[in-house]
Amino acid sequence: MSLTMLNELLIEDPSPPMLLYQGSKTAQLDTLNYQSCFMQGVFAHFPEILFIHRTYNPKGKVLYTFLVDGPQVQLEGHLARAVYFAIPAKEDAEDLAQMFQVFKKFNPAWERVCTILVDPHFLPLPTLAMEFPAAEVLLSAFHICKFLQGKFYQLSLEQPVERVLLTSLQSTMCSATAGNLRKLYTLLSNCIPPAQLPELHSHWLLNDRIWLAHRWRSRAESSRYFQGLEVTTRVLSQFFGTASSVEQGMTSLLRYMQQNSGDKASFSLGLSPQNSHAPSDVSPESPKVEQSVEARIQHSLNAICTGPAAQLCLGELAVVQKSVHLIGSGSEKVNIQILEDTHRVQPQPPASCSCYFNQAFHLPCRHILAMLSARCQVLQPDMLPAQWTAGCAASLDDILGTKWSETLDKHLAVALLTEEVGQLLQHCSQEEFERRYSTLRKLADSWIGPYEQVQL
């Protein structure tokens, strides 16, 4: 009875999928193995490299998603490369071996698997090696990138240092040459305190075998690859990772795949989809719950803020809707990433954020509103300055006319850049300092002239 919704959904599928599941004594889902005919066909065409991603559910269950990878795979849809879903009873050797055996039984092409890409926390490596004896098991570049990114946030580094590390990591992942990897390794050694450096496992960057499986991609291809996997894993997390029950999470995920099955036609024609569907219809639990949270936030904005402030913040909230990614949280700070922009939110009143909008207007930005939405909270009066409270301003022009100007815009941009450059100069070696100072000296003299010394 616990799988009524799931079974009803599968009846609607024009191509009967493979579904094996087992219930527990409490009528809850214990194990599940799912593969549609389309997914089976994709794996039969591209079995050489298998990418395994794990998504955890609040109920303690883990969804194993198998995806195809490699140079020949040109499917660009968010879940078009997913070829198998499985939920083991437990993550022990026996249950995982059973999960892999079921996968092999329904996919004869498994014998052609040459490489399996996994995350750094993947413990059942002996089981995987036993079930796929001819395959080489490697850490995936995507999971290493996400692992290092998470560590940068957890270490609570100074913001300029954190920004440099994140930028360097992104650049290196898009061009994973031996030289770039060595530079990133050196940068980590210089920026991370020695006591915390072992937590990053930076030696992975020097393991050339890991990066050979990724290095064939161009910079543009690498960027699309990471962005595609980022969206795919986000979809999995928003459906399965936050659902109140495993059955509900899988039902929502499979319904999403049915509604976004446009990639199938392109695959059958041997073409790459030109348009990727944004996961705008992804909801963590249900549309009603999400709409209720958003409505409460809108009500609190209208009730607490003046009209112009509410107008600006509602524009930010529109960006937040269904595009938020909670990177990590702690008791004092929350890291929020929306699309490609990452900023640090200080939730304690008055709430603040490192983004340009909040620094300029001192209003709740999209990142603060994303944090409130993720926590199912609403705006409080002490989260914004007095000039933005209801009744303090007549119109948006009044506020912008008195609080904003082109000069202030330039001043803020210069101040932020000056602070960042200053922090970088303070945390580099003496040799590097001399080199960077000399560069700044030449730049300043070139702006003003060779006869006038500029104080740096």
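For clarity, every value in this text was computed on a predicted model and none was experimentally measured.
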| Gap separating the CD1 atom of I52 from the CG atom of D119, nearest 0.5 angstrom | 9.0 Å
| query | Given side chains that start at C-beta, do those of F240 and T65 come closer than 4.5 Å, heavy atoms only? | reply | no
| request: Check whether any side-chain heavy atom of D95 sits under 4.5 Å from a side-chain heavy atom of T31, and report yes or no. | output: no
| query | How many angstroms lie between CG in L363 and CD1 in I368, if you round to the nearest 0.5 Å? | reply | 9.0 Å
| query | Taking NZ, NE, NH1 and NH2 as the nitrogens, is one of them in K146 or E230 under 4.0 Å from a carboxylate oxygen of the other? | reply | yes
| task | Evaluate the ring planes of Y64 and F100, with Trp represented by its six-membered ring, and classify them as parallel (under 30°), tilted (30 to 60°) or perpendicular (over 60°). | result | perpendicular
| Which atoms form the tightest heavy-atom contact between W216 and G70, and what is the distance? | CZ2-C, 3.5 Å
| message | What I'd like to find out is whether the side chain of N207 reaches to under 4.5 Å of the side chain of L138, using heavy atoms alone. | response | no
| query | SG/C174 to NE2/H214 distance, rounded to the nearest 0.5 angstrom? | reply | 7.0 Å
| note | Closest non-hydrogen atoms of W211 and A141, given as atom of the first, atom of the second and distance, are CZ3-CB, 3.5 Å
| request: Please examine the side chains of H121 and R54, heavy atoms only from C-beta on, and report whether any two atoms are closer than 4.5 Å. | output: yes
| request: State whether the number of non-hydrogen atoms from other residues, nucleotides or ligands found under 6.0 Å of K183 atom NZ is greater than 12. | output: no
| said: Rounded to the nearest 0.5 Å, what separates atom OH in Y34 from atom CG in L253? | reply: 9.0 Å
| E94 atom CD, over 12 foreign heavy atoms within 6.0 Å | no
| query | side-chain contact (heavy atoms from CB on, under 4.5 Å) between L205 and I210: does it pass, once the steps are laid out? | reply | CA-CA 8 Å; L205 300 173; I210 293 176; over 6 Å; no
| Looking at side-chain heavy atoms only, is the closest gap between L166 and Y153 below 4.5 Å? | yes
| said: Is it the case that the ring center of H143 lies less than 6.0 angstrom away from the ring center of F51? | reply: yes
| field | Salt bridge R436-E432, side-chain N to carboxylate O under 4.0 Å | value | yes
| task | Report the residue from T242, L63, V62, V246 that forms a side-chain contact (heavy atoms from CB on, under 4.5 Å) with N57. | result | V246
| Ring geometry between H203 and H201 (parallel below 30°, tilted from 30 to 60°, perpendicular above 60°) | perpendicular
| field | Residues T177, N180; criterion side-chain contact (heavy atoms from CB on, under 4.5 Å); working and verdict | value | CA-CA 5 Å; T177 63; N180 288 341; 3.2 Å; yes
| request: Provide the closest heavy-atom pair for I192 versus L165 in the form atom of the first, atom of the second, distance. | output: CD1-CD1, 3.8 Å
| message | Set out, in order, the CA-CA distance, both residues' side-chain angles and the distance that settles side chain to side chain donor-acceptor pair (under 3.5 Å) for N107 and Y84, then state yes or no. | response | CA-CA 10 Å; N107 294 274; Y84 198 79; 5.9 Å; no
| request: For residues C191 and V161, report the shortest heavy-atom separation together with the two atoms involved. | output: CB-CG1, 3.9 Å
| message | salt bridge (charged side-chain N to carboxylate O under 4.0 Å, His left out), that's the test. Do R217 and D69 meet it? Break it down for me. | response | CA-CA 12 Å; R217 296 182 176 91; D69 206 311; 2.6 Å; yes
| query | Quick one: do the R435 and Y437 side chains pair a donor with an acceptor below 3.5 Å? | reply | no
| query | Which heavy atom of P120 sits nearest a heavy atom of F147, and at what distance? | reply | CG-CB, 4.1 Å
| Please walk me through it: do R209 and E136 pass salt bridge (charged side-chain N to carboxylate O under 4.0 Å, His left out)? | CA-CA 10 Å; R209 189 66 195 93; E136 181 181 19; 2.8 Å; yes
| task | Compare all side-chain heavy atoms of I87 with those of M250 and state whether any distance is below 4.5 angstrom. | result | yes
| field | For the student: nearest non-hydrogen atoms of V113 and F43, plus distance | value | CG2-CZ, 3.8 Å
| query | Do M257 and M39 have side-chain heavy atoms sitting under 4.5 Å apart? | reply | yes
| field | Qualifying residue for ring-ring contact (aromatic ring centres under 6.0 Å, His included) with F103, from W110, F66, F85 | value | F66
| task | Output the distance between atom CD (E162) and atom CZ (F152), rounded to the nearest 0.5 Å. | result | 9.0 Å
| field | Ion pair check, R215 and D208, cut-off under 4.0 Å | value | yes
| message | Are R81 and L229 packed together at the side-chain level, in the sense that at least one heavy-atom pair is separated by less than 4.5 angstrom? | response | yes
| message | Within this structure, what is the CG-CG distance for the pair L50 and L117, rounded to the nearest 0.5 Å? | response | 8.0 Å
